[in-house]
Student: 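Encoded as structure tokens, here's the structure I'll be asking about.
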Amino acid sequence: MRASRMNLTTLREDPAEAEIASHRLLTRAGFLYKSGAGLYLYGPLLQRVVERIRRIVSEEINRAGGLEITMPIMQEQALWERSGRWATYQASRTMLTVKDRSGQVFGLAPTAEEVVTDYASKVVTSYKQLPVTFYQQHTKFRDEIRPRFGLMRVKEFIMMDAYSFHDTTASLDVTYDGMRVAYQRAFRRLGLEAFAVEADSGAIGGSGSHEFMVAAAVGEDTILYNADSGYAANVERAHGRIAPAGPWTAPVAATLVHTPAVGAITDVIGFLNTNGYADVQAVHALKCVLFVAKTATADHTVAAFVRGDRDVNEVKLTNAITRLLGDAGPVLNLRPMTPDEVRAATGAEPGFAGPGTGLKVHLAVADKLTLDPAAPTVAGANKTDHHLVGFRLDRDAGVTLTWDDLVTIRAGDGDPKGTGVLDEKRGIEVGHIFKLGTKYSVAMGAEYLGQDQKRHPFIMGCYGIGTSRVAAAAVEQHHDADGIRWPVTIAPYQVVIVPTGKPGDAAVEQAAEGIYQELLSQGIDVILDDRDQKPGVKFKDWDLVGIPYRIVAGRGVAEGLVEVKPRGGEVANLPIAQAAAAAAIWIKERIAERNAAADAVR
RNA sequence: CGGAACGUAGCUCAGCCUGGUAGAGCGCUUGCCUUGGGCGCAAGAGGUCGCAGGUCCGAAUCCUGUCGUUCCGACCA
């Protein structure tokens, strides 16, 4: 490709709304154009990057046995009602809908379990066809509350979504592990350092779920991990060991104490320390957080209790409530109570809620890891400006408690698998694998005929990779002060040739053209920068765009030399005749490294 | 959903408080100069100031509404 024909448009200044490197650089280098909030046009360069990502992902899913298909983006409401997900997606308002001329309502695919399950139920009729995996890489829609960070969180994006069908859980386990390997191979070929973490699988079915994370400070997920034991989990599901609270000098019976205008636990403890309870600490307090959990049929008021120094994990709480509700669930939405709702539930100003008498909620859940029912605590008294000191859950509770896992694990907590301590980092979720079980097949009546001559619902797995998000994650992981440093496997072009020198310098132009033609003939994706620009402009542009390898034909040409330079690497001078071969070899070596890394995946 | 800010040239922004009919830098076009890190010289094109009302002799500027964008927040008691 000749640069004069590429419609290359680079910006010298950062776009005003870009907060993270990938958004900033992709916009400045002309890969990305914002069409609306959370809506982006992929420019010619990004199109090539996405195409390469797509190809590598497809190759790996194919290798794992996947069959590529294309499913409709517009999906009938009736189909989604068969799985029961129409209501949940309407409640959470994450699905965009459209109407056709007759008024029929369609959802725009956020995922495609319903469509593919319906398909499988029609075309997969015998156990002899199992296992089978269908997948696509297609546009998805999510009505995000807040799209942001450029390509990272958008309303419309490209996702690889795969769905596997099985007759046994053992078969699902095999495919699930095969997909894990395929993902890891794909990410290594794509040049991403991704790692698998245990993920929340929701309270409904699902015997396992892992997310694939790219470590990045701008990531929206928090991961707890221990490099020694290999434990890694999303904070939404992470387990840990937490040191128990030590003893303190508590009154024998729960004692009502006037704690004027101190609602927050640290303030309450500080107040008590100077008013007769010198050794009580936040770990001895009982934190009560009030929520409203919405299900399809009702709003349930919920009180959640954790130790005073810890936080409630809303994902864990949602799952706990769903387990508690059973058939009355699932929880579609969980939100903190408004101050007015808190007053109604406790009869007190916010800040003084507790599990004693006077608390009026439908459900009360206590954290089993951090709370000891027999230990004395400090709890809100459900009376403005008052706490109960020496309160015991086993003796003084005014509500019926359910014990479950609610606490948010944090750095410094013990590794649940061993003796080490957990650390914390941020990650970008680029993939997710999930054992679905029979949730969709049972709901939708998707069955096959087994060897036993009986009908059985499919056992399913589903798997996703954020194809377009991978491009953004790659930039987050590979950039420097000058611009993007694309991994060779996904770079829009692999080599750029920059002729410099006086216009009409025939020797320079011939050298550049010769190298260009030679690389083209070798199938290398190469750019010849034939623009009438000063060298500085050209160098800046290609560093920004992130082409991995650069050949400069300039003042050395008189001595028969050109310069070669990998992006971010050292300059070397080579005879003109050797430049193309050197570039081709360098490219092939980098690709071979990626493939070797992929082959090393266990 | 709640709150705040912003919307002026392709981009980044100034002008608005104190109304008088629009500016800078970059980019773009043309010509000259020539070419090793975006910064040589000159000339030029380009905006009914998001949209709709209102006030006024006069509105980018003041008022109201509306649309859009961005950021923050949604209560851990």
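By convention in this document, chain letters (A, B, ...) are assigned in the order of the sequence lines, proteins followed by strands, and residues within each chain are numbered from 1.
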Student: Using heavy atoms to find the nearest nucleotide of RNA chain B for A/Gly308 and A/Phe149 separately, return the residue whose nucleotide is more 5′.
Tutor: A/Phe149

Student: Please state the C1' separation for the pair B/rU64 and B/rC11 - nearest whole angstrom.
Tutor: 32 Å

Student: Picking from B/rU69, B/rG36, B/rC76, which would you name as closest to the side chain of A/Val552?
Tutor: B/rG36

Student: Who is the Watson-Crick or G-U wobble partner of B/rG2, with both distances under 3.5 Å?
Tutor: B/rC72

Student: Does atom NZ of A/Lys425 have more than 12 heavy-atom neighbours from other groups under 6.0 Å away?
Tutor: yes

Student: In whole angstroms, how far is the C1' atom of B/rC71 from the CZ atom of A/Arg153?
Tutor: 16 Å

Student: Hey, is A/Arg2 close enough to A/Glu513 for a salt bridge, meaning N to O under 4.0 Å?
Tutor: yes

Student: Whole angstroms only, please: what is the CZ-C1' distance between A/Arg555 and B/rG37?
Tutor: 11 Å

Student: Just to be sure I understand the rule, does A/Gly380 reach a base, reach only the sugar-phosphate, or reach nothing, if contact means heavy atoms closer than 4.0 Å?
Tutor: nothing

Student: Check this for me: does the side-chain of A/Thr10 come within 3.5 Å of the base of B/rG38 through a donor and an acceptor?
Tutor: yes

Student: For B/rG38, does the base pair up with any side-chain atom of A/Arg28 as donor and acceptor (N or O, under 3.5 Å, distance only)?
Tutor: yes

Student: Please measure how far the C1' atom in B/rC6 lies from the corresponding atom in B/rA45, and state the result in whole Å.
Tutor: 29 Å

Student: When both hydrogen-bonding distances must be under 3.5 Å and the geometry is Watson-Crick or G-U wobble, what is B/rC62 paired with, if anything?
Tutor: B/rG54

Student: If the C1' atom of B/rA42 is compared with that of B/rC33, how far apart are they to the nearest Å?
Tutor: 11 Å

Student: For the pair made of CG in A/Leu26 and C1' in B/rC11, what is the distance, rounded to whole Å?
Tutor: 17 Å

Student: Can you find a heavy atom in the side chain of A/Ile547 that is under 4.5 Å from one in the side chain of A/Ile527?
Tutor: yes

Student: Among the nucleotides B/rC11, B/rU70, B/rG36, which one has an atom lying closest to any side-chain atom of A/Leu11?
Tutor: B/rC11

Student: Using 30° and 60° as the class boundaries, would you call the ring planes of A/Tyr40 and A/His23 parallel, tilted or perpendicular?
Tutor: perpendicular

Student: Expressed as a whole number of angstroms, how long is the span from A/His23:NE2 to B/rU69:P?
Tutor: 13 Å

Student: Classify A/Val342 by what it touches in the nucleic acid, base, sugar-phosphate, or nothing, heavy-atom distance under 4.0 Å.
Tutor: base

Student: Provide, to the nearest angstrom, the distance between the CD1 atom belonging to A/Ile269 and the P atom belonging to B/rC76.
Tutor: 16 Å

Student: In whole angstrom, give me the gap between the P atoms of B/rA22 and B/rU18.
Tutor: 22 Å

Student: Taking a pair as Watson-Crick or G-U wobble with both distances under 3.5 Å, which nucleotide is matched to B/rG7?
Tutor: B/rC67

Student: Expressed in whole Å, how much space separates the P atoms belonging to B/rU61 and B/rA9?
Tutor: 15 Å

Student: Nearest to the side chain of A/Gln533 - B/rC28, B/rG36, B/rG38?
Tutor: B/rC28

Student: Taking the P atom of each, how far is B/rU21 from B/rU34, in whole Å?
Tutor: 44 Å

Student: Just compare B/rC76, B/rU12, B/rG40 and give me whichever is closest to any side-chain atom of A/Glu13.
Tutor: B/rU12

Student: Measuring from the side chain of A/Arg12 (C-beta onward, heavy atoms only), which nucleotide among B/rG37, B/rC76, B/rC26 has the closest atom?
Tutor: B/rC26

Student: Between B/rG10 and B/rC49, how many Å separate the two P atoms, rounded to a whole number?
Tutor: 13 Å

Student: As a test of reading the structure: which of B/rG36, B/rC72, B/rU69 is closest to the side chain of A/Arg148, going by heavy atoms?
Tutor: B/rC72

Student: Among the nucleotides B/rG37, B/rC76, B/rG40, which one has an atom lying closest to any side-chain atom of A/Lys534?
Tutor: B/rG40

Student: Provide, to the nearest angstrom, the distance between the NZ atom belonging to A/Lys155 and the C1' atom belonging to B/rG68.
Tutor: 11 Å

Student: Indicate, with a heavy-atom threshold strictly under 4.0 Å, whether A/Glu314 touches base, sugar-phosphate, or nothing.
Tutor: base

Student: When the C1' atoms of B/rA52 and B/rA59 are compared, how many Å lie between them, rounded to an integer?
Tutor: 15 Å

Student: Considering only NZ, NE, NH1 and NH2 on the basic side and carboxylate oxygens on the acidic side, decide whether A/Arg153 and A/Glu144 come within less than 4.0 Å.
Tutor: yes

Student: Please tell me whether A/His386 and A/Phe352 form a close aromatic pair, meaning their ring centres lie under 6.0 Å apart.
Tutor: no

Student: Whom does B/rC33 pair with, Watson-Crick or G-U wobble, provided both distances fall under 3.5 Å?
Tutor: none

Student: Partner of B/rG38 by Watson-Crick or G-U wobble geometry, both contacts under 3.5 Å, or none?
Tutor: none

Student: Start at the 5' end of RNA chain B and walk down; is the nucleotide closest to A/Phe291 or to A/Val537 reached first?
Tutor: A/Val537

Student: Looking at every strand, decide which applies to A/Arg550 at a 4.0 Å heavy-atom threshold: base, sugar-phosphate, or nothing.
Tutor: base

Student: Under a 4.0 Å threshold between the charged nitrogen and the carboxylate oxygen, would A/Asp413 count as salt-bridged to A/Arg310?
Tutor: yes

Student: Output the rounded distance in Å from CG (A/Asp532) to C1' (B/rC28).
Tutor: 15 Å

Student: For A/Val312, report the nucleic acid contact type (base, sugar-phosphate, nothing); a contact means any heavy atom under 4.0 Å.
Tutor: base

Student: Roughly, in whole Å, what's the span from CD in A/Glu19 to C1' in B/rC72?
Tutor: 11 Å

Student: Side chain of A/Ala37, heavy atoms from C-beta onward: which of B/rC76, B/rG38, B/rU70 has the nearest atom to it?
Tutor: B/rU70

Student: Is it the case that the ring center of A/Trp486 lies less than 6.0 angstrom away from the ring center of A/Phe31?
Tutor: yes

Student: On the side chain of A/Asp482, is there an atom forming a donor-acceptor pair with the base of B/rG37 - under 3.5 Å, no angle test?
Tutor: no

